Asker: 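I'd like to ask some things about the structure below.
It should be emphasised that the depicted structure is a prediction, and the values quoted were computed from it without experimental measurement. First the proteins, then the strands, lettered A, B, ... as listed; each starts at 1. Basis for what follows: all heavy atoms, side chains included, without hydrogens, waters or symmetry-related copies.
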Amino acid sequence: MDLRVGIIGCGNIFNLAHRKALKGIEGVKVIGCMDIDEARAKEGAREFRTKAFTNLDEFLDLDLDVVEVLTPTYTHSELTIAALKAGKHVIVEKPIALTVEEGKKMIQTAEKEGLHLFVGHVRRFDLRWIQMKEVIKKRNILPMHIRKAEVQNLPFPKDYWYWDEDRSGGVAVDLGVHVTDFLRWFFEAEPVSVYAVGKAIKEEARANETFDHFTMIVEFEGGRTGIAEVSWAYPYPSRYGVFYHHVDIIGKNGRIRYTPLDTPVVGVAKANFEMPRFSPLLSTFPDAFERELRHFFNCIKGREEPIVTAEDALIALKITEKAKESARTGEVIEI
Amino acid sequence: MKKLNFGVISYAHPHALRFASVIAGGKRTKLVAISGDGSNSDVARAEAKKYGAKFYTNYEGLLRDENIDAVYIAVETYRHREIAVRAAEEGKHILLEKPIALNLKDADEIIKRAKRAGIKLMLPFNPRFTEPLKKAKELLENGEIGVLEYINAISENVKPPIFLQGLDMSWFLDKKKSGGGGFMDTAPHGIDSLLWLTGDTPRKVYADIGSKIYGFPVDDIGTAVLEFRGGVLAVLTAGWGNPKGYSYSIEMKYYLVGREGFLDVRTAYPDFTVYQDRAEKIYWDRPDVRNIVETFTQAVQKDKSVPITGEVAKENLKITLAAYESSRERKVVRL
């Protein structure tokens with residue numbers, strides 16, 4: 001029998017990734033689409049030939065197996081807990097929540113209700129990183145020093161929720177959790193301490209008194225060092241895409257480097273030349289979202305064991321929360 | 001104009017090979033003597049023969065040679081003070097390998113004695129003499145990327161072979177002689193670039209430096225976060241992180257982020273690549289070394305100031321030592 005799926009939040013990440021991914025997955029059926037913006041709810045519902053909702057209670061009255069929470073970060077906790085209490089499994093976009101405290105409550109609620117809670121740490125489903133992790137294992141690279149940069153040209157105006165730290169957590173959290181989770185995943189070790197510094201480079205960041213460029217030096221067990229650099233401030237021309245990754249892994253038995261230049265791109269040569277330097281896509285390739293959702297659905301059906309849990313997501317968030325404390329106080333913070 | 005007569009003191013540091021070759025082949029320089037202090041005295045002797053230069057077993061004889069105007073000192077770091085002070089006493093102009101000394105007290109002594117003797121003292125930090133970095137500095141000064149906000153710098157070298165081109169380099173792994181391992185060896189280059197590009201000095205340093213890769217008795221890699229007084233934030237990774245199969249033996253890179261633009265600077269040296277069992281970059285020119293020798297020679301002959309003074313090198317050492325202190329104490333060090 002098909003899993004009955006409901007969507008809360010038919011905005012950016014729904015339109016950029018989940019909508020298409022859901023259509024590619026067998027054995028699931030989207031039953032309802034909710035958004036506080038009626039037009040967006042209707043647009044989402046139309047895609048799946050289903051009903052649109054603007055009221056949460058009415059939406060949760062539906063007979064659903066799974067709810068996908070694809071809303072701005074500050075609403076994750078409330079919506080997830082409401083869905084869990086209504087007896088639905090939940091897949092929530094990353095970051096798990098705005099704060100660790102909220103994230104803990106979500107996990108506790110899921111445990112109490114005996115339901116699954118998954119967090120969309122999509123990097124874990126990206127073939128680049130999966131393959132890299134396998135090579136590290138097979139060739140016994142033993143990583144000791146990893147730098148990962150994730151850089152985005154955030155194409156939103158300054159009153160958009162991303163720029164408001166009270167709603168998104170800022171770049172330190174929004175992109176930060178991707179990288180802190182990546183480091184933990186690759187090191188297979190737990191974080192010990194963090195030192196972080198931030199900058200407000202673009203006008204949008206300064207107006208919101210938030211950072212748009214954030215660097216964390218995370219010490220992991222066994223003297224391993226992770227350097228996480230996340231930024232919304234690199235002034236890339238957005239017509240060449242919005243995202244850029246850089247990975248440099250130095251281990252006892254070798255080194256692995258990845259730059260966008262290693263990814264196939266279309267070179268453009270014109271009188272007014274600008275080098276396209278990264279794949280003009282999302283933070284990750286669309287198939288990773290499909291792989292992620294298929295895995296979560298299979299876990300719910302009891303066919304697979306989770307490869308990334310809500311607890312993993314909580315630790316990723318915790319590192320960024322401590323990093324923000326470090327940036328605020330200027331001191332090294334124990335994790 | 002008469003050529004500047006050079007003596008090369010010691011082949012302990014492998015740069016002696018390159019400097020000797022450039023000095024010997026220079027339009028305004030002549031290599032007249034070599035001394036065999038410290039490690040690799042046999043190589044020093046052979047090189048003297050090759051260049052038709054006079055060989056002295058130790059620096060005393062060379063410094064008393066009245067035919068010599070200037071010396072390039074490449075002895076083990078712990079002997080910098082002893083030999084530089086003697087060279088100053090003999091009125092020789094000094095091009096002194098980096099780091100300037102093991103500690104700030106020795107650096108002060110060298111600076112004081114050079115001043116008293118009225119001779120030129122210069123330190124050879126290579127990157128700022130490379131074309132890409134010179135161009136980057138020019139672009140910065142022309143305001144091409146707006147206010148400079150962030151620099152990510154990489155200053156890395158290969159695992160030091162204990163024998164390189166016939167040179168015994170084991171003293172690099174002896175902290176008493178070298179002052180530190182991979183970070184001490186390569187970070188000063190990156191730090192010099194940062195000081196030069198920003199025209200500023202850092203007020204805070206946090207670093208994580210350790211023996212992480214090879215199990216050496218000295219550190220092999222480190223990352224420092226430097227917060228400059230004027231607001232620029234810099235992250236520098238330096239060490240011996242490049243494994244044998246890595247296509248770059250020396251890698252110097254700078255990502256410079258400004259409010260209106262971004263510079264991606266890859267320096268090191270002009271190269272081509274040979275692919276056999278592994279990829280190898282062959283550096284077919286070293287314009288940086290040529291530039292250093294020419295600049296120093298001009299300063300001596302025209303009595304001009306040198307671009308990298310003892311004071312600049314001392315500031316550099318101060319920052320490097322602060323990074324070690326930060327890593328050791330696991331706290332932020334304020335300068």
Asker: Going by atom types only, do Asp208(B) and Thr225(A) share a side-chain donor-acceptor pair under 3.5 Å?
Answerer: yes
Asker: In terms of heavy-atom proximity below 4.5 Å to chain B, should Glu229(A) be classed as side chain, backbone, both, or neither?
Answerer: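 Interface part for Glu229(A): side chain.
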Asker: Please classify the contact between Glu329(B) and chain A as side chain, backbone, both or neither, with a heavy-atom cut-off of under 4.5 Å.
Answerer: neither
Asker: Quick check, are the ring centers of Tyr258(A) and Trp129(A) under 6.0 angstrom apart?
Answerer: yes
Asker: For Ile221(B), is it the side chain, the backbone, both or neither that has a heavy atom under 4.5 Å from a heavy atom of chain A?
Answerer: side chain
Asker: Looking only at atom types and distance, does a side-chain atom of Lys137(B) sit under 3.5 Å from a main-chain N or O of Trp196(B), one as donor and one as acceptor?
Answerer: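 Answer holds: yes.
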Asker: Just so I understand: if I count every heavy-atom pair under 4.5 Å between each of Arg255(A), Arg224(A), Glu203(A) and chain B, which residue has the most?
Answerer: Arg255(A)
Asker: Test Tyr160(A) against Asn12(A) for side-chain hydrogen bond (donor to acceptor under 3.5 Å, both in side chains), laying out the working first.
Answerer: CA-CA 12 Å; Tyr160(A) 202 74; Asn12(A) 291 323; 2.8 Å; yes
Asker: Checking heavy atoms, do the side chain of Asn152(B), its backbone, both or neither come under 4.5 Å from chain A?
Answerer: side chain
Asker: For the interface with chain B, which of Pro143(A), Gly223(A), Gly198(A) has the highest count of heavy-atom pairs at distances below 4.5 Å?
Answerer: Gly223(A)
Asker: Side chains of Arg330(B) and Ser193(A): is there a donor and an acceptor less than 3.5 Å apart?
Answerer: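 Yes - a donor-acceptor pair under 3.5 Å links their side chains.
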Asker: Could you grab the distance from atom CG of Asp174(A) to atom CH2 of Trp161(A), nearest 0.5 Å is fine?
Answerer: 5.5 Å
Asker: Any sub-3.5 Å donor-acceptor pair from Arg206(A)'s side-chain atoms to Ile201(A)'s backbone N or O?
Answerer: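 Flag set: sc Arg206(A) to bb Ile201(A) pair under 3.5 Å.
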Asker: Can you say whether Thr237(B) sits under 4.5 Å from chain A via the side chain, the backbone, both, or neither, judging by heavy atoms?
Answerer: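 When you check distances to chain A, only side chain atoms of Thr237(B) fall under 4.5 Å.
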Asker: Measure Lys331(B) against the heavy atoms of chain A and call it side chain, backbone, both or neither at under 4.5 Å.
Answerer: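 For Lys331(B), the backbone is the part near chain A, not the side chain.
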Asker: Sub-4.5 Å heavy-atom contacts with chain B: which residues of residues 327-335 of chain A show up?
Answerer: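 Near chain B, by residue number: Gly330(A), Glu331(A), Val332(A), Glu334(A).
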Asker: Calculate, to the nearest 0.5 Å, the distance between atoms CE and CG belonging to Met252(B) and Leu133(B) respectively.
Answerer: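 Separation between the atoms: 8.0 Å.
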Asker: Who wins among Ile250(A), Leu142(A), Asn253(A) for the most heavy-atom pairs under 4.5 Å with chain B?
Answerer: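 Greatest number of close heavy-atom pairs with chain B: Ile250(A).
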Asker: Spell out, as yes or no, whether a donor-acceptor pair under 3.5 Å connects the side chain of Lys134(B) to the backbone of Arg128(B).
Answerer: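 Flag not set: sc Lys134(B) to bb Arg128(B) has no pair under 3.5 Å.
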Asker: When rounded to the nearest 0.5 angstrom, what is the spacing between CG in Asp181(A) and NZ in Lys148(A)?
Answerer: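 That separation rounds to 10.0 Å.
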